[in-house]
Structures are given as structure tokens and as C-alpha cells.
Number of protein chains: 2
Amino acid sequence: MQHSATLAPGEHLFRVGDSFHSLYAVRTGCLKTCAVDPNGREHVINFHFVGELIGIDAIFPEQHFSDAIALVESSVCHLPYRAVSQLALEIPELQIQILRGLSRHVFSMTSISGDFSAEERLAAFLVMVSARHRLAGGGSTELQLAMSRQDIANYLRLATETVSRILARFQKSGLLRANRRQITLLNPDGLYAIAECMNPYSKCGINRRRPESGTTRR
Amino acid sequence: MQHSATLAPGEHLFRVGDSFHSLYAVRTGCLKTCAVDPNGREHVINFHFVGELIGIDAIFPEQHFSDAIALVESSVCHLPYRAVSQLALEIPELQIQILRGLSRHVFSMTSISGDFSAEERLAAFLVMVSARHRLAGGGSTELQLAMSRQDIANYLRLATETVSRILARFQKSGLLRANRRQITLLNPDGLYAIAECMNPYSKCGINRRRPESGTTRR
DNA sequence: CGACCTATTGAATTCGTTCAATGATAGTGG
DNA sequence: CCACTATCATTGAACGAATTCAATAGGTCG
């Protein structure tokens with residue numbers, strides 16, 4: 001639809017404070033959005049894989065409150081917001097897609113923000129990356145991570161050392177083989193079992209709790 | 001726009017697994033959305049104060065993956081999704097409002113999902129509730145909480161005991177006075193100072209880190 | 001090779017949890 | 001009106017998961 005841009009590893013797509021005028025769709029590569037809080041701690045807000053939107057959270061404040069940084073050589077497609085929202089008025093299908101995209105975004109954020117152990121978080125992260133790789137047409141057991149341990153840790157709210165340790169633990173129990181950014185999933189089902197509690201979908205239908213009598217408190 | 005419903009404390013608006021066909025706007029009272037994971041742990045996903053939307057995250061899966069429960073006597077307004085999205089095609093202003101609402105939702109979720117200490121989380125929670133009270137026309141220092149310590153704890157990913165203890169700590173340092181669900185903020189600025197790092201807005205503009213040379217890694 | 005960065009591993013510490021007991025409040029029925 | 005019960009909240013002590021601090025190993029690039 002619009003022209004696209006190429007980014008080198010470490011290059012910024014936008015920065016905190018930049019005014020918002022465009023959404024971006026990732027065509028190739030992988031980016032992270034992150035922010036540094038007043039205390040100087042960095043928080044990785046999200047990773048953006050091929051096909052995902054960047055900038056949704058800036059629509060409301062009309063200003064970017066995060067940095068978007070390419071983790072590897074990446075290309076993104078510009079989607080000027082005015083044009084997109086204008087077009088959405090004419091093409092109902094587009095509007096539906098946008099709303100679904102936003103909803104999906106909220107949906108996925110819900111799981112990461114829950115109260116889960118370090119093992120659960122890391123397992124869910126790997127399952128998630130695996131699923132994205134499959135969507136992008138790659139193998140789902142041979143993962144070439146685009147992000148450092150530090151980025152993973154910041155995203156999962158853990159220390160880098162914890163990420164290393166748990167990967168080692170997973171390796172010891174035969175779940176995977178990890179060599180730096182090259183991860184081989186040896187037992188995807190095992191990982192999935194650990195991560196299951198974080199999968200929003202698992203909350204629907206199958207794992208229903210028994211209907212309770214009338215009003216339920218708490 | 002549509003008819004509204006009244007809910008008694010503890011009553012469900014919808015349950016996990018219910019099919020999605022309507023958004024809801026809170027007219028009075030307060031609700032929580034929560035889910036129970038496969039391990040039986042409850043996670044409070046969000047509180048919904050007067051004026052807020054409920055159900056955004058169900059647009060994509062077309063199914064509710066959380067329970068919505070009234071914390072106090074509440075009333076909500078039904079917004080049938082089909083009608084709303086249809087109407088949005090005709091009224092550009094409405095579409096913009098919906099997108100802004102969604103974006104705002106994402107925006108607010110970002111802060112709670114970050115890596116912060118128990119004190120920071122609780123302070124931010126109180127500041128947030130205070131702001132909502134003001135928006136709803138109430139006093140912003142005399143807070144009558146709608147939710148239990150248990151709900152607060154589940155929302156903030158803490159134990160109830162930790163919530164109690166930190167409230168006691170805040171009280172001891174003169175920040176507030178807490179008596180069960182009646183909280184009086186004695187030093188809102190002090191609380192705000194603790195919570196500042198969680199305020200997404202504080203990341204914009206003011207607390208800019210110095211521009212770095214070209215490519216910035218991590 | 002040596003410098004630098006990323007990742008791993010070990011030991012000590014800490015923040016928050018868990019377990020356990022007590023206190024406060026509201027609702028119920030005699 | 002006062003037990004009696006149930007629920008919610010607070011407080012103390014022991015525990016534990018993850019962090020922090022510190023040192024080492026493995027890659028990469030000049």
C-alpha cells in the first residue's frame with residue numbers, strides 16, 4: 001500500500017516522544033518496542049514479528065511513548081494513520097481487520113501480564129516464538145532467536161541470569177537444546193504443558209470451571 | 001443507545017466461554033474481569049470503572065475468555081457489536097472514538113505489565129483509582145474501594161498479605177490512612193512519586209534520554 | 001591475538017510468599 | 001440485643017524463588 005523502509009540491527013524506527021502519524025507492519029525481520037522508566041530501567045514492551053503491527057498504543061496519546069528498534073535486519077511497511085482510518089470508512093472489511101488486530105493485541109498482552117513463574121513465562125515465550133516461526137513459514141522446532149537474553153529477560157520481567165538458568169534447566173530435562181540464540185525444541189509438547197496456564201485460549205471451553213450457583217463472589 | 005442492565009454485587013455479566021456479541025459500557029459501579037487458569041489460580045485481568053468498556057479482548061476470538069463480575073451494585077449499557085461496527089462505518093467520529101478507546105486500553109495495560117516492585121504497583125493502583133474517582137466526579141483523596149484486598153492482590157500479582165503490609169507501611173510513613181476499603185490519601189504527591197515510573201505518560205517528553213549516536217543497541 | 005560483548009554459572013541476599021494465628025465487621029437467627 | 005458464624009483484613013515468623021553480585025566462558029570482530 002505505502003512504501004517500506006529497511007532497518008539495520010539496532011536502528012530505531014521511532015523514538016519516545018516522536019509524534020504519531022503512522023502505523024507500521026513488519027514485512028521481514030523482528031523489532032522490539034521498549035521504554036526506559038524514570039529510574040533508568042528498560043522495559044521491553046513487545047516483540048514484533050513478521051506480519052504484526054507496530055504503533056497501536058500511540059493512536060490515543062498521538063505520541064510514541066516507546067522506542068521501536070530493529071533486532072535484526074528488518075523491513076517495515078508504512079501505514080499512514082489518516083489514510084488508513086479514512087480507507088477503513090470505505091472498506092468495512094478493513095475496519096474489521098483493524099479491530100480484530102487490536103483485539104488480538106490486547107488478548108496477547110493479557111497472558112504476559114499475568115502472575116506466572118519464571119519457568120512458565122519462558123516456556124510460553126518459546127511456544128509463542130515457535131508459533132510465529134510457523135506462521136512465517138519457517139520450521140517451528142529450529143528457532144533462530146532475533147533477541148538477546150537481556151531482551152528476553154526484560155520482556156518476561158526476569159533477570160538475564162534467570163533466563164540462562166532456566167534454559168539450562170530445560171535442556172537438562174530434555175525439553176530443548178540451546179546454544180546462544182539457536183534453540184532446538186526437542187519436546188514441544190512438554191514445553192506447551194508448562195506454558196499451558198498462560199495460553200488465553202486454554203481458558204475457553206475446555207478448562208471451564210463448574211457453573212456455580214447464582215451469584216459468585218470472588 | 002441500547003438498554004442497560006443492573007447487576008448485584010457478585011453477579012456475572014458474562015462468563016468464560018460465552019460467545020461474544022456485545023460490548024458493555026459501565027454506567028455506574030465497578031466490575032472486574034478475571035479468569036481462572038488450568039492450575040486453578042485466579043487472575044484479575046482488569047477493573048472497569050464508570051465510563052469504561054468491557055469486552056474489547058473478545059472481539060478477536062469472538063468468545064469471552066474471562067468472567068465479568070460486578071464488585072458492587074452496578075449498571076452497564078449494552079453495545080451490540082454488529083450495530084456498533086456498522087454505525088462506525090457511517091459515523092467517522094465514532095470510529096475514531098472506538099480506536100482511541102482501544103488504544104487507551106492497550107496503553108494502560110502496558111504499565112501494569114511492567115517489572116515493578118510491590119510498593120510501586122500498589123502506589124500506582126491507588127493513583128489510578130484516585131484519577132478514576134475524579135473523572136467520575138467524586139473526591140480524589142477519599143477513596144471508597146469497590147474491590148477486596150484479594151482482588152487488588154490478584155490484579156497486581158501480589159499476595160493479599162503483601163497488599164495489607166504495604167498499606168500499613170504507607171500509613172506508617174504518613175502517605176495515607178487505610179481502614180478496610182476506605183482509603184484516605186494524605187500525601188497524593190508522595191504516592192505519585194513512588195508510582196511515577198509506572199505512568200506511561202512520564203515516559204514521554206520530560207524523561208527523554210539523550211539522543212544516541214545513530215544505531216543504538218539495547 | 002586481544003578487546004569486547006554476550007552468555008553461563010556459582011554464592012549470597014532479598015523481596016515477596018506461604019503458613020499460621022488473631023482481629024475486626026457484618027449478617028443471621030434465637 | 002447478643003451470641004454465633006462467616007468473611008475479610010491484619011500481623012508475625014519461616015521459607016523460597018528469583019535477584020544481585022561476582023567470576024568465568026564462549027564468540028565475534030577489529
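First the proteins, then the strands, lettered A, B, ... as listed; each starts at 1.
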Residues touching DNA chain C, which here means a heavy atom under 4.0 Å, drawn from residues 162-176 of chain B: B:Thr162, B:Arg165
Of all pairs that satisfy side-chain hydrogen bond (donor to acceptor under 3.5 Å, both in side chains), the ones with a partner from residues 165-181 of chain B, not counting sequence neighbours: B:Glu119-B:Arg169
Side chain of A:Ala118 (C-beta onward), nearest among C:dG16, D:dA18, D:dA9: D:dA18
Sugar-phosphate, base or nothing in reach of A:Arg181, heavy atoms under 4.0 Å: sugar-phosphate
Divergence of helical axes at both termini of the helix from C:dC1-D:dG30 to C:dG30-D:dC1 - five pairs an end, 10° steps: 30°
Heavy-atom check, side chain of B:Lys32 versus side chain of B:Asn154, under 4.5 Å: no
Nucleotides 23-30 of chain D: protein proximity per nucleotide (B base, S sugar-phosphate only, - neither; heavy atom, under 4.0 Å): ---BS---
For B:Arg132, all residues meeting salt bridge (charged side-chain N to carboxylate O under 4.0 Å, His left out), sequence neighbours excluded: B:Glu52
side-chain contact (heavy atoms from CB on, under 4.5 Å) partners of B:Val129, counting only residues at least two apart: B:Phe49, B:Phe125, B:His133, B:Leu143, B:Leu145
Distance in angstrom units between B:Met147 CE and D:dT7 C1', rounded: 18 Å
Sugar-phosphate, base or nothing in reach of B:Ser117, heavy atoms under 4.0 Å: sugar-phosphate
Presence of donor-acceptor pair under 3.5 Å, side chain of A:Gln150 and base of C:dC5: no
